[in-house]
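First the proteins, then the strands, lettered A, B, ... as listed; each starts at 1. Keep in mind the model is a prediction, meaning the values are calculated, not measured.
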Amino acid sequence: MTSFNTIDKTDAGAITTFAKRLSDKTLRQICGNEIVNHGYSGKGNFGQILEKFYFEYAPNSEAEPDFKEAGLELKTSPLKIMLKTQAFHAKERLVLNIINYREIVHQGFNNSSFWKKNAHLLLVFYHPEKDKDIIDYLIKLVEDWRFSTSDLAIIQKDWELIKAKVVAGKAHELSEGDTFYLGACTKGGKGGNPRHQPNSKILAKQRAYSLKRGYVNHIVASIAGNETALYGKLIDDSSTVQDIATVVIRKFKQYYGKTTDEIIALLGISINKNSKSFHASLTKVILGIELNKEIAEFEKAEVTVKTVRLKKNNLPKEDISFPTFKYKEIIEESWDESRFKEILEHKFLFVFYQENAEKQLILKQVKFWNMPYSDIQEVKKLWIETAARIKNGRAADLPKKSEHSICHVRPHAQNAKDTYETPQGNHVVKKCFWLNSQYIRDAIYL
DNA sequence: GCATGATCATGC
DNA sequence: GCATGATCATGC
């Protein structure tokens, strides 16, 4: 193989071309058997082996990009194959450099450690398979990446929010749901590797900048050129306003106080009022997205839309459900790696309608929301209690609404015969966590 | 009127 | 066939 040492290190194009030789190959094929005794094991080491044996430099954690003369940062990330479409998707968020709490408060975006390191990425996507050695993973996609103008505007806004929280002495309250594309994800194993922060005595978990999985999906699809879904954009590079929340709220606001019938008439469209997807369709139409398309920004930011019907007293008619959990799986999870915590760390868009005297639905308010850190800590207690009861054979008796102010557990199944097996071997109706209607009213709507 | 249990509709 | 979002039914 041609050595990387023959490549012009100031030329990002030449480095990318050299990297592209990896496409559709494995590390063993490209580097030969010299890497069999690579000495690395376990997750996350694909990148280190690639750096050491292909690019021939020692893994480091410097503030400069990996190829600093070319301003290019090497990142490797795993893909998974979607069963239905056989298309490649991002398996995980893409973790970037550590957020230095002491430094960020003195930085602007353009001289931030995030931007210095990640303005230009060299991405290597590989396909990990169980039971295979890391060096036998197939490398599927290799490409350099720069953020589009409109994406960068959103990422900069995300960065400003992360900084503002650290400036306010709230680094310990950072959550991935705070932001749209650029997340602050935990990094550093169990215990969260607590760090000092500048404006508070409270220790904060170590966190890194990361691109959300939905955003990495967008990168993968755009590199592979095989978008399976159709996307409609709220914002493009020529938009005057480049902020997701501002654009969305502005579009909805002109219909506040109007009934769904009036909104439909004003929009001049016809959608089936009796369909259960009526509200989802109406949301898309208000946002100017065609019904057969997905909202590009929401997919990239992994925004979950929830439609809520309020009663006259502002209390939602229903609690909000989440996916069911399997009794035998939840007891094997820890809270920090739990599916439910991951769900709660997403950003939500709530669309509130309220019933009037004639039983018509009036659009009241839309709100982007993510669960505050302190509430997530409360839910953690409920989750632990739930797992403990299941372990103790009490799957039929899980925390009720009266036991917790934020969430409860309740059936969510086709019918009473639709069950999952418990650790004890009996079958109990499928259940899930629900967000209490009172909490939705008090913590989100009002 | 609400908590709790139960079930429906849709789309993949 | 099942996951998911949404909604209904009953009894206290």
Expressed as a whole number of angstroms, how long is the span from A/Lys430:NZ to C/dC2:C1'?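 Spelled out: NZ on A/Lys430 to C1' on C/dC2 is 6 Å.
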
Give the rounded distance in Å between these two atoms: CZ of A/Phe433 and C1' of B/dT4.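 Distance check: A/Phe433 CZ to B/dT4 C1' gives 17 Å.
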
Tell me whether the OP1 or OP2 atom of C/dA3 has a side-chain N or O from A/Tyr420 closer than 4.0 Å.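 Answer yes for this pair, as a side-chain N or O of A/Tyr420 is under 4.0 Å from OP1 or OP2.
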
Is A/Lys417 close enough to B/dA6 that one of its side-chain N or O atoms is under 4.0 Å from OP1 or OP2 there?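 For A/Lys417, the contact criterion (side-chain N or O under 4.0 Å from OP1 or OP2 of B/dA6) is not met.
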
Decide if atom CZ of A/Arg410 counts as having more than 12 heavy atoms of other residues, nucleotides or ligands within a radius under 6.0 Å.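 Yes, the 6.0 Å shell around CZ holds more than 12 heavy atoms from other groups.
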
Verify the neighbour count for atom NZ of A/Lys157: are there more than 12 heavy atoms of other residues, nucleotides or ligands below 6.0 Å?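 No.
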
I'd like to check the side-chain contact (heavy atoms from CB on, under 4.5 Å) partners of [X]; sequence neighbours left out, ordered by chain and number.
X	value
A/Ser239	A/Ile235, A/Asp236, A/Gln242
A/Glu143	A/Thr16, A/Lys20, A/Ile223
A/Lys132	A/Glu129, A/Asp136, A/Tyr137

Among residues 359-371 of chain A, which residues get a heavy atom nearer than 4.0 Å to DNA chain C?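 Correct list: empty, so none.
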
Heavy atoms within less than 4.0 Å of DNA chain B: which residues of [range] have one? Give them sorted by number.
range	answer
residues 342-355 of chain A	none
residues 436-446 of chain A	A/Gln438
residues 398-405 of chain A	A/Lys400, A/Lys401, A/Ser402

Going by the side-chain hydrogen bond (donor to acceptor under 3.5 Å, both in side chains) test, which pairs reach into residues 302-313 of chain A, not counting sequence neighbours?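 side-chain hydrogen bond (donor to acceptor under 3.5 Å, both in side chains) check on residues 302-313 of chain A returns A/Glu302-A/His346.
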
Excluding sequence neighbours, so at least two apart, what forms ring pair (Phe, Tyr, Trp, His ring centres under 6.0 Å) with A/His127?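 Scan of A/His127 (ring pair (Phe, Tyr, Trp, His ring centres under 6.0 Å), adjacent residues dropped) gives A/Phe88.
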
Exercise answer: donor-acceptor pairs, residues 363-370 of chain A side-chain atoms, under 3.5 Å, sequence neighbours excluded:
residue, atom, partner, partner atom, Å
A/Gln365, NE2, A/Tyr445, O, 3.0
A/Lys367, NZ, A/Ile444, O, 2.9
A/Asn370, ND2, A/Asp178, OD1, 2.9

Short heteroatom pairs, N/O only, protein and nucleotides 7-12 of chain C, under 3.5 Å:
residue, atom, partner, partner atom, Å
C/dC8, N4, A/Glu318, OE1, 3.1

Are any of the side-chain nitrogens in A/Lys163 or A/Glu160 under 4.0 Å away from the carboxylate oxygens of its partner?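 So A/Lys163 does not pair with A/Glu160 through a salt bridge.
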
Sorted by first residue and then second, give each ring pair (Phe, Tyr, Trp, His ring centres under 6.0 Å) pair with at least one member in residues 312-331 of chain A; sequence neighbours left out.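 Only A/Phe322-A/Phe340, A/Phe325-A/Tyr327, A/Phe325-A/Phe433 qualify under ring pair (Phe, Tyr, Trp, His ring centres under 6.0 Å).
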
